[in-house]
Amino acid sequence: MTNSTLFDLAFLLAAPFWALMILAPGWRFTDRIAASPLPMVPVLAVYLVLAAGVFPQLWAAVSHPDLAGFQELLRLGGGAGAIWAQVIAWDLFLGQWMYREARTLRIHPLVMGPLLVLTVLLSPFGVLLFLALRAVVRRRTRRAAPRRTAPQITFACHRGAESPG
């Protein structure tokens, strides 16, 4: 397989899982799939194949990070593809977490769908908006929850009946 094919494959392997979380959020299999780390495995396999082909340059870029090293890595087809596959896997991880959090917090799917699309395309923006939404929902949930007080314990005294002596 060529670097170009692997580059395309990275997104194609993640797309069905994104589609489930966005288009079929209420389906019980979507919940099970989103709770599993397995959807990332094929994308990570693509990453490993691409990274293996440029490992010396990749190692140099991550072990001593500087802009010039990353620019050199991205000039290589396998380097750009490896970084792309890593981003796709990370975005999917974030999307799965956001999906599960939204289900727990009962955030409506019509709100989450666009946020998940934004996360697929520009994950930092999608994640930051979700974190803000999550904070608002949690705050409202805490305010709406009835305050629980300790149960009142009362003792009743019965008069009139004398205990035997």
Side-chain angles (χ1 to χ4, degrees), residues 1-67 69-141:
M1 270 193 201
T2 67
N3 289 336
S4 178
T5 302
L6 290 169
F7 179 92
D8 294 339
L9 186 59
F11 182 76
L12 292 175
L13 290 169
F17 303 109
W18 282 106
L20 283 175
M21 292 186 293
I22 295 165
L23 302 173
W27 191 37
R28 66 182 174 118
F29 289 112
T30 303
D31 285 338
R32 291 171 71 186
I33 290 167
S36 171
L38 294 179
M40 290 180 292
V41 171
V43 180
L44 293 173
V46 169
Y47 166 80
L48 291 172
V49 169
L50 287 164
V54 293
F55 190 76
Q57 296 89 342
L58 177 63
W59 181 252
V62 298
S63 62
H64 302 293
D66 70 335
L67 184 57
F70 273 96
Q71 288 173 329
E72 183 61 36
L73 176 64
L74 291 175
R75 280 196 252 306
L76 305 172
I83 298 300
W84 176 248
Q86 180 176 338
V87 168
I88 294 298
W90 180 247
D91 288 354
L92 184 56
F93 177 77
L94 289 171
Q96 288 177 273
W97 172 77
M98 290 168 56
Y99 169 87
R100 290 189 322 273
E101 278 287 297
R103 299 286 288 174
T104 300
L105 295 171
R106 299 175 194 245
I107 298 173
H108 199 278
L110 291 177
V111 173
M112 281 309 298
L115 270 176
L116 289 170
V117 169
L118 183 59
T119 303
V120 170
L121 301 174
L122 298 166
S123 62
F125 293 109
V127 172
L128 286 173
L129 283 174
F130 177 73
L131 290 174
L133 174 63
R134 179 177 172 242
V136 168
V137 169
R138 282 181 158 181
R139 194 172 310 119
R140 286 186 181 167
T141 303

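In this text the structure is predicted, and so the values were computed from the model without any measurement.
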*Quick one: pull up CG in Leu128 and CG in Leu122 and give me the separation to the nearest 0.5 Å.*
11.5 Å

_Distance check, rounded to the nearest 0.5 Å: Gln71 atom CD versus Asp66 atom CG?_
8.5 Å

*asked:* If we ignore hydrogens and angles and just use 3.5 Å, is the side chain of Arg138 paired with the main-chain N or O of Arg134 as donor and acceptor?
replied: no

_Are the side chains of Val120 and Val117 in contact, using a 4.5 Å heavy-atom criterion?_
no

*Grab the two heavy atoms, one from Phe70 and one from Ala61, that are nearest each other, plus how far apart they are.*
CE1-O, 3.2 Å

_Distance, nearest 0.5 Å, that separates CG of Leu48 from CG of Leu44_ = 7.0 Å

*Ring centroid separation for Phe130 and Trp97, is it under 6.0 angstrom?*
yes

_Minimum heavy-atom distance Leu58-Ala51, with the two atoms named_ = CD2-CB, 3.6 Å

Just distance, no hydrogens or angles: give the donor-acceptor pairs under 3.5 Å from side chains in residues 20-35, sequence neighbours left out.
unit_1	atom_1	unit_2	atom_2	d
Thr30	OG1	Ala24	O	2.7
Asp31	OD1	Tyr99	OH	2.4
Asp31	OD1	Arg103	NE	3.3
Asp31	OD2	Arg103	NH2	3.3

*Where do Ala102 and Met112 come nearest, in terms of heavy atoms and distance?*
CB-CG, 3.3 Å

*Would one find more than 12 heavy atoms of other residues, nucleotides or ligands at under 6.0 Å from atom CZ of Arg140?*
no

*asked:* Counting C-beta onward and ignoring hydrogens, is there a side-chain heavy-atom pair between Met1 and Leu9 closer than 4.5 Å?
replied: yes

*From Leu116 atom CG to Leu94 atom CG, the distance as rounded to the nearest 0.5 Å*: 10.5 Å

*Taking all non-hydrogen atoms of both residues, which atom of Val43 and which atom of Pro39 are closest, and how far apart?*
CG2-O, 4.3 Å

*Atom of Phe7, atom of Leu50 and distance for their closest heavy-atom approach*: N-CD1, 4.5 Å

*Rounded to the nearest 0.5 Å, what's the gap from CZ on Phe93 to CE on Met98? Could you check?*
12.5 Å

*asked:* Rounded at 0.5 Å granularity, tell me how far CG in Leu73 sits from CH2 in Trp59.
replied: 13.5 Å

*Would you list the pairs meeting side chain to side chain donor-acceptor pair (under 3.5 Å) in which at least one residue belongs to residues 78-91, sequence neighbours left out?*
Asp91-Ser123

_Testing the basics here: between Ile88 and Ala10, what is the closest heavy-atom pair and its distance to 0.1 Å?_
CG2-O, 3.5 Å

